[in-house]
Amino acid sequence: MTLSGVSVAYYRHIMRYGLKRFVRFAEVIWGVIPEGKTDEQIASEGIDALESWIKEIGAASEITSLGVTPDMLDRIADSTIILTGGYQTLDHAEIVDILRNSL
């Protein structure tokens, strides 16, 4: 549930770093029609579709439903393991921003 609670905000944050893959995700997984849209619009529609699906299946779509409060964000970010193999290596401030956008 924690993963579903932060996924949408995380994907919106890193989308620009892996834009072509997010476009493919939108088109292949969610059936987003690309005609007349920018890559950013296509990718955003895919993330919107993921967000709708998360809500549809009843998974956590925000971390407040898991008991997280704004005063916990810095401590959560402090305990986050930062991996370097993704689209963007996140720093502490980015993690807090993603968590804030997941509330």
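Since the model is a prediction, treat every value here as computed from it, not as a measurement.
Taken to the nearest 0.5 Å, the CD1 atom of I42 stands 14.0 Å off from the CZ atom of F25. A distance of 10.0 Å separates CG of L3 from OH of Y10, quoted to the nearest 0.5 Å. Expressed to the nearest 0.5 Å, how far CG of D39 lies from CG of L19 amounts to 5.0 Å. Taking CD of E51 as the start and CZ of R12 as the end, the distance is 5.5 Å to the nearest 0.5 Å. Between I63 atom CD1 and I76 atom CD1 the span is 5.5 Å, to the nearest 0.5 Å. One finds the CD1 atom of I47 at 11.5 Å from the CH2 atom of W30 (value rounded to the nearest 0.5 Å).
In this structure the side chain of Q41 never reaches within 4.5 angstrom of the side chain of S44, judged on heavy atoms. Between S52 and D48, the closest side-chain pair of non-hydrogen atoms is not below 4.5 Å. Here the side chains of V32 and E45 are in contact, with some heavy-atom distance below 4.5 Å. With a 4.5 Å cut-off on side-chain heavy atoms, I29 and R24 do not count as touching.
L50 and I33 fall into different hydrophobic clusters, where Ile, Leu, Val, Met, Phe, Trp and Tyr side chains are chained together by heavy-atom contacts under 4.5 Å. Both V6 and I57 belong to a common hydrophobic cluster when Ile, Leu, Val, Met, Phe, Trp and Tyr are linked at side-chain heavy-atom distances under 4.5 angstrom. No continuous path of ILVMFWY side-chain contacts below 4.5 Å connects L99 to L83, so the two sit in separate hydrophobic clusters.
Of all non-hydrogen atoms in A60 and S65, the two that sit nearest each other are CB-OG, 3.6 Å.
Inspection of the H13 and N101 side chains reveals no N or O donor paired with an N or O acceptor under 3.5 Å.
Judged by distance alone, the side chain of E94 and the main-chain N or O of D91 form a donor-acceptor pair under 3.5 Å. Proximity of a side-chain donor or acceptor of S4 to a complementary backbone N or O of A59 within less than 3.5 Å is not detected.
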Could you pull out all donor-acceptor pairs under 3.5 Å where a side-chain atom in residues 66-74 meets a protein atom, sequence neighbours excluded?
unit_1	atom_1	unit_2	atom_2	d
T69	OG1	D71	OD1	2.4

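Contacts of K55 classified as side chain to side chain donor-acceptor pair (under 3.5 Å), with partners at least two apart in sequence or in another chain: none.
In this structure, the ring of F22 has its center less than 6.0 angstrom from the ring center of Y87.
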Could you walk me through whether R16 and E40 pass the salt bridge (Lys or Arg N to Asp or Glu O under 4.0 Å) test, one step at a time? CA-CA 8 Å; R16 67 181 178 265; E40 289 82 4; over 6 Å; no
Could you walk me through whether I82 and I95 pass the side-chain contact (heavy atoms from CB on, under 4.5 Å) test, one step at a time? CA-CA 9 Å; I82 298 174; I95 294 167; 3.8 Å; yes
